[in-house]
Every structure is written in C-alpha cells, then in structure tokens.
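Notes for the one structure printed next.
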Amino acid sequence: MVSFFSPYSHDFVRVAACVPRIDVANPRFNTERTLELLRQGDRERIALMVFPELGLSAYSIDDLLHQEALLEAVEQGIGHLVEESADLFPAFVVGAPLRRENRLYNAGIVIHAGRILGVVPKAYLPNYREFYERRWFAPGATIRGQEIRVAGHTVPFGVDLLFRSGGTCALTFHVEICEDMWVPQPPSTAAALAGAEVLLNLSASNITIGKADDRRLLCGSQSMRCIAAYAYSAAGPGESTTDLAWDGHGGIFEDGLRLAETERFPSQSAMAVADVDLGRLRAERMRRVTFGDCGRALGVTPGDFRTVSLTLDAPEEALPLRRPVERFPYVPSDPSKLAENCYEAYNIQVQGLAKRLQATGTEKVVIGISGGLDSTQALLVCCRAMDRLALPRTNILAYTLPGFATSEGTKGNAWALMRALGVSAAEIDIRPAARQMLKDMGHPFAEGQPVYDVTFENVQAGLRTDYLFRLANHNRGIVVGTGDLSELGLGWCTYGVGDQMSHYNVNASVSKTLIQHLIRFVAASGDVDKPTADILHAILATEISPELVPQDAAGQIQSTEAMIGPYALQDFNLYYLTRFGYRPSKIAYLSWHAWSDAEAGPWPPHLPASAHRSYDLGEIKRWLRVFLSRFFTSQFKRTAMPNGPKISSGGSLSPRGDWRAPSDAGPQVWLEDLESNVPDEEPASGTH
C-alpha cells in the first residue's frame, strides 16, 4: 500500500525535465550521461523523464547527421539504454536521428523497463534563420499507423501515439519535439483532447536574448489551454558553439503554473523535478466542460491515436512532495504578486460598491465599525468608492455599536479610524436594548446570571444589524456588509437579522487571511496619511474576537480562532475543497506539507513573526474535522447571502456564482474519508 506521506498516494506523478551534459557527435558519451540521470531518477522515484532533442547524437552536428558510423553508434546507444532500463522505475524519452525507408527522422524514443514503447517523429521542421533541419530530416506530420525498427526492435512509429500506464501510477502522456510547440496548433493539442495528461517536449532550442521568456510563455500557455502538464527539455552543456549557444533550459508547467525549472547555462547535467497533480488536471477537465466540447467540435477522438500500454506502479515508501504549496492559497508569498493581487482585490471591491450605488441611485451607505479587520477594510472601500463617485465621505454613516464585551481598545480604534477617514461617525450603545430583549425572552442573564450562550451572543449581533438596516431606511442609504469569505465558509455569522445580511457585501469573497494584507496595502498606498496608517497597523495587531462574551476570570477575551480554528488552516481547507473539490485526505496531506515546518518555504511579506508557526498532523486533522462539520451544515446561510463581487480564483460562495449546493447535505462522506485515510501520527523524518 502506498504511504499516506507519498505524493503518489494523492494523485501526483513525479516528472523530470532532464538536461544531460553531452559531447558533440559522441553517442557513447551521451548515452552514459543520459544513463546517469536515469539512475538518479530511479533513486528519486521519478515516473517520467524527458531528455533533449537529438540528445544521443547532439543537435548541432549538421552534416554529420548523415554519417553512417554516427547513426549506427546512436542505435547502439539506444540498445544500451533499453538493456540498462530493465530494472529502473522511470519511463523516459530520448532524442535521436533514426533511419526508415531511406529517410532520416528527428525522433523521440519512448523506453520503459527494458522495452521500446514507440517512436515519435518531429512533425514540423524549422528551416528559417539559423535552422536548416529540412536539409537532413524528413517531416513527420503525416506519419500515422506506421512501424519502425530500432536497435533490433520493431515498434509503433508516428505522431498518433499516446502512452498509457495501467499500473497504480496511472497516467497518459504524449511526445512532441521542439518546433512542434511553436506552430499554431501543436500536435499536443489534439493529444490532450484525446486524453493525454502529461505532454513531453524534447527540444534543442539555442538561446538568444529573451528566448527563455518565449519558451515559458509557450509552455505555460499550452499547459493552460490543454489543462495538462507540460515538461520541456532543451539542449545544454556540450553542444557545439560554432555559431550558436545553449542554455539547458528545462521546465515543468501545470495548467499555466510553472512548477520547476533548471538553472540555466549549467556546466554539468541538470534536472528540473516536480510532482504533477493529475487529480487537479482531471478535475479541471471535468469541470471546464468547454474542454470536451472543443474536442467534439474539432472531431478529435481517442480513436485518432494508437495507445501504447505500459505498467508504472507507484512506489510504496514515504517521499517528499516536490512542488511548491503556498501556506496561504489566497495570499501569494511573492511580494510583487501579492501587491498586484491586493491592488486588484481592492479595486474590485471599490468598483462593485460604486456600481451598486449608481444602479440604485443611492448616495449614502450605512456601516457598522467594530475596530476589527473586516469592518476596517469595508470602511476603506466605502471611502474610495465615495471618492470615485465624487461624493463626500460624510455620506458614509459609520456607527460603532458597543455591546457587553466590547473592549475600550477596539472601540477606541473604531472611533480613531472613523475620525481619521472623515466619515459621519456615531455611537449607539446596544446594551439597553439587548437587556430588554433578553428580559422579554426570560433569559437568565436578565436575572443577573452569567449565562453567555448562543442566544446571548446573537441578541447582540442581531441588534447591531437591526439598527443598521433601520438607520439605512431612515437616511435613504444601503447597509454595506463586512463579513468575509472565511466566516461564510465556516458559518461564523448570525443568520438573517445578523452579520450574515446586508444590502451589499464588499468582503463576501475576501478571505480573512487576505484582508489583513489589503489593509496593509491601503496603509502603504499613499491614499491615507501617516496617522491613519498608524491606526490601521494598530487594528492589524488586535486579536480576532467577536467580542460578544465578557472576559473570563483570568482576563481572557473571547477568541474566534480558539473556537473555530486558525484562519490560516481553515482558509487552506476552504480553498482546496471549493476550488478543486479535493477529498479531505488530500487536503490534509497538502496542508501538512505546507504547515508542518515553519522554516521551510517562503512566507508572505509583512506577517508578524508570531504568525510564522507550524501545525502538526494531529492539529491539521482536528481543525479540518471542524471545518467540514461547519461548512456543510452552514450552507443555508450562503444560499441567502447578499450580493458582492467575486474577488479571486479561489471563488466565491454565492449561490449565483461559484458555489451551488443544497442546504440539507451533510458532511458524512467527507468525514469518513478524513477519519479513514488520514493517520494521527507524523511520519518518519525526511519526507518533506
């Protein structure tokens, strides 16, 4: 049985783009360098490896390609690789010049476990600028249904080959060569539509200024259009520099995401290695129905390809995951990407509110300000929307509504923020109304008993919203909601007459982990002065609390995360459940990889050191259990949620947008997977 702590147990397959050091026109040397990387791939349990175009002969040998001695030495090298691969795990494809019926082909030879599976000719031959391939090779674009004899083996030959593993490491891959990717419709497009999930490209590709970015663009876009992984390997050290140079550029891409890349201009052999998420690709193809529609419209069927079978069985031992996994799926760790995301998110929020005010002919908004993160960000959005509409900020009617547990710190921050932003500020103490309601209900608190149950909490939450709606009626305005995506996912909101409801919610698709960065973005943007920025930073430093229950005897305040889990973990769970539909055991595995070592991998900028913490598998499993229970039983709150703009690719939970689900579905299926397939103990060391 494959270990839980192996990527192969969670629909991943390990792929390598290989750049061996070669010697010009020296097949024996080149075969040995290839074999060295293959043996390394076997040790690292790599399932699929791609090598450069004409790597066994070298690409840059010109008319030496027509020398019989060289061509025979190449076939001997292929035979040697076949023999030596008999006990090796990886399937692999190498590039070589091959003869067939008085023609020479630039070919990719697919080998696994002592067997040549098939040979794919290069479909399109460049014959422009520095390229002269038509001088030596015949094009392969029309070759289908053929066979070729190579190193004593007769095997399928053509551009119509798919290679499919029926073992426990199940995948389907396709091979194309260099220029094939640069044409308007690469052969891999039809192959992907016919079922190929991993697309391999053997390339030579000399380097000129800016060409590496062109390759990244082509590989990334092809992987995105085909909803596939794309592994690309270009010629590197040892190719002739008579007129050209070579940077050994290898890379692995998945649905537009660059997973791994070799260091360019290496002096020795190199590999880019990544674990490709086949589960994600398969789910995306199923979800994005236009993928299948395109194949049917173009008349592409699996019958257009010959399928060559192999058996790859996943290694059973624990292995480290070889791919980046952000701790915060909604918050990239790259500073420039985070800044771009914050700019877009903030302006989406502003545009959404501005349009709603224009559409309703409303010039005033009503908003409750608690001194916490969510209401702070919503108030900043209101201010920018008023500025954009050339309306005075005094049209923002902001209220702080202290209750039984409101601290002087948060109330002070609320007042400081409202004054600094120049909005119309007021305070309504909800305690008298809350006492009256609790008394009318016969609640024990009204008799002086310290009973702080859900009714006690929701009386306060409901009164705040009730006041805001009546104030909106009174002032001909609309209520701007402040609750965020994370709270909606967990059902951490009071339904109906409570913080679940508003006329328009600008935060509805913004996660709790992102909101703090949006506030930092505004603080640093120049839109606010330094005193206001200082207030924003003070709010950022405040512990997240609903402030509905008074402090306990030890002076401890009510902590949201102590009750529903760390937002860092719960946002991770929310993203992978709703965006990709992953089973809980896979979410737990990815979360463990992302969060089990605080020293591993980058953190988003500006997070306080106290946030740089780790979680063990037991904690991850515990809070995922809480998330699943709350998420499914809280769907009714999302079914009736107010309007608000979608912010990120992580989706929104609006029933009119990304998430449609019945309100009476339970979490049993997901909890069973969690309990059955996620161990309670950590693995042996060395699997990160």
Side-chain angles (χ1 to χ4, degrees), residues 329-330 374 452-462 465 481-502 505 507-513 544-546 548-549 558-588 590-591 615 618-644 650-678:
Y330 299 102
D374 294 345
Y452 308 127
D453 57 10
V454 67
T455 304
F456 176 81
E457 295 188 42
N458 282 348
V459 162
Q460 296 172 78
T465 303
T482 62
D484 61 48
L485 178 70
S486 308
E487 293 174 343
L488 284 165
L490 288 158
W492 189 247
C493 50
T494 301
Y495 181 72
V497 183
D499 55 330
Q500 176 262 351
M501 187 50 62
S502 63
N505 188 354
N507 287 341
S509 293
V510 185
S511 70
K512 186 75 77 177
T513 48
I544 300 171
S545 171
L548 294 171
V549 174
Q558 186 182 19
S559 171
T560 297
E561 292 183 296
M563 290 181 280
I564 62 172
Y567 278 115
L569 291 183
Q570 302 299 36
D571 279 359
F572 192 99
N573 297 333
L574 176 66
Y575 179 84
Y576 282 105
L577 184 84
T578 60
R579 174 63 182 85
F580 295 114
Y582 286 167
R583 57 189 179 273
S585 54
K586 184 170 182 175
I587 296 172
L590 289 171
S591 184
Y615 297 95
E619 291 174 293
I620 288 167
K621 185 175 180 179
R622 171 194 171 197
W623 291 121
L624 180 50
R625 186 185 298 115
V626 169
F627 171 81
L628 293 170
S629 298
R630 294 191 64 96
F631 179 81
F632 285 97
T633 57
S634 299
Q635 177 59 32
F636 72 97
K637 297 182 180 181
R638 298 184 288 269
T639 299
M641 64 182 283
N643 294 175
S652 81
L653 294 176
S654 169
R656 301 167 296 277
D658 268 7
W659 186 255
R660 294 169 174 83
S663 296
D664 43 12
Q668 291 84 357
V669 169
W670 292 264
L671 290 172
E672 286 173 8
D673 175 80
L674 178 71
E675 302 303 339
S676 300
N677 298 318
V678 180

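Bear in mind the structure is a predicted one, so any value in this text is a computation, not a measurement. Throughout, residue positions are numbered sequentially from 1 according to the sequence presented.
Expressed to the nearest 0.5 Å, how far OH of Y582 lies from CG of L577 amounts to 12.0 Å. To the nearest 0.5 Å, atoms CD1 (I587) and CG (L674) are separated by 9.5 Å. To the nearest 0.5 Å, atom CD of residue E672 and atom CG of residue L628 are 12.0 Å apart.
Side-chain atoms of Q570 come within 3.5 Å of backbone N or O of I564 as a donor-acceptor pair. Judged by distance alone, with hydrogens and angles left aside, the side-chain atoms of R622 form no donor-acceptor pair with the main-chain N or O of G565 at under 3.5 Å. With hydrogens and angles ignored, the 3.5 Å screen pairs a side-chain donor or acceptor of Q558 with a backbone N or O of V549. D374 places no side-chain N or O within 3.5 Å of a backbone atom of G483 that could act as its donor or acceptor partner. Between the side chain of D453 and the main chain of F456, a donor-acceptor pair closer than 3.5 Å is present.
With hydrogens and angles left out, the side-chain atoms of T482 and N507 include no donor and acceptor closer than 3.5 Å.
The shortest side-chain heavy-atom distance between K621 and E675 falls under the 4.5 Å cut-off. A heavy-atom distance below 4.5 Å is not found between the side chains of D673 and W670. Counting heavy atoms from C-beta on, the side chains of Y567 and E487 come closer than 4.5 Å. Within the 4.5 Å cutoff, no side-chain heavy atoms of P662 are placed close to those of Q635.
Residue R638 comes nearest to G489 through the heavy atom pair NH1-O, 3.3 Å, listed as atom of the first residue, atom of the second, then distance. Scanning all heavy atoms of the two residues, the minimum distance from R656 to N643 falls at NH2-ND2, 3.3 Å. Minimum interatomic distance between R630 and S634 (heavy atoms only, all atoms of both residues): O-OG, 2.7 Å. Listed here is the closest heavy atom pair of D499 and T494: OD1-N, 2.6 Å.
Under a 4.0 Å N-O distance rule, the pair R579/D658 does not qualify as a salt bridge.
The aromatic rings of Y576 and F572 are tilted relative to each other, their planes meeting at an angle between 30° and 60°.
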I would like to know whether F627 and L574 meet side-chain contact (heavy atoms from CB on, under 4.5 Å); could you show each step before the answer? CA-CA 8 Å; F627 171 81; L574 176 66; 3.9 Å; yes

From CA spacing to verdict: side-chain contact (heavy atoms from CB on, under 4.5 Å), L569, L624: CA-CA 8 Å; L569 291 183; L624 180 50; over 6 Å; no

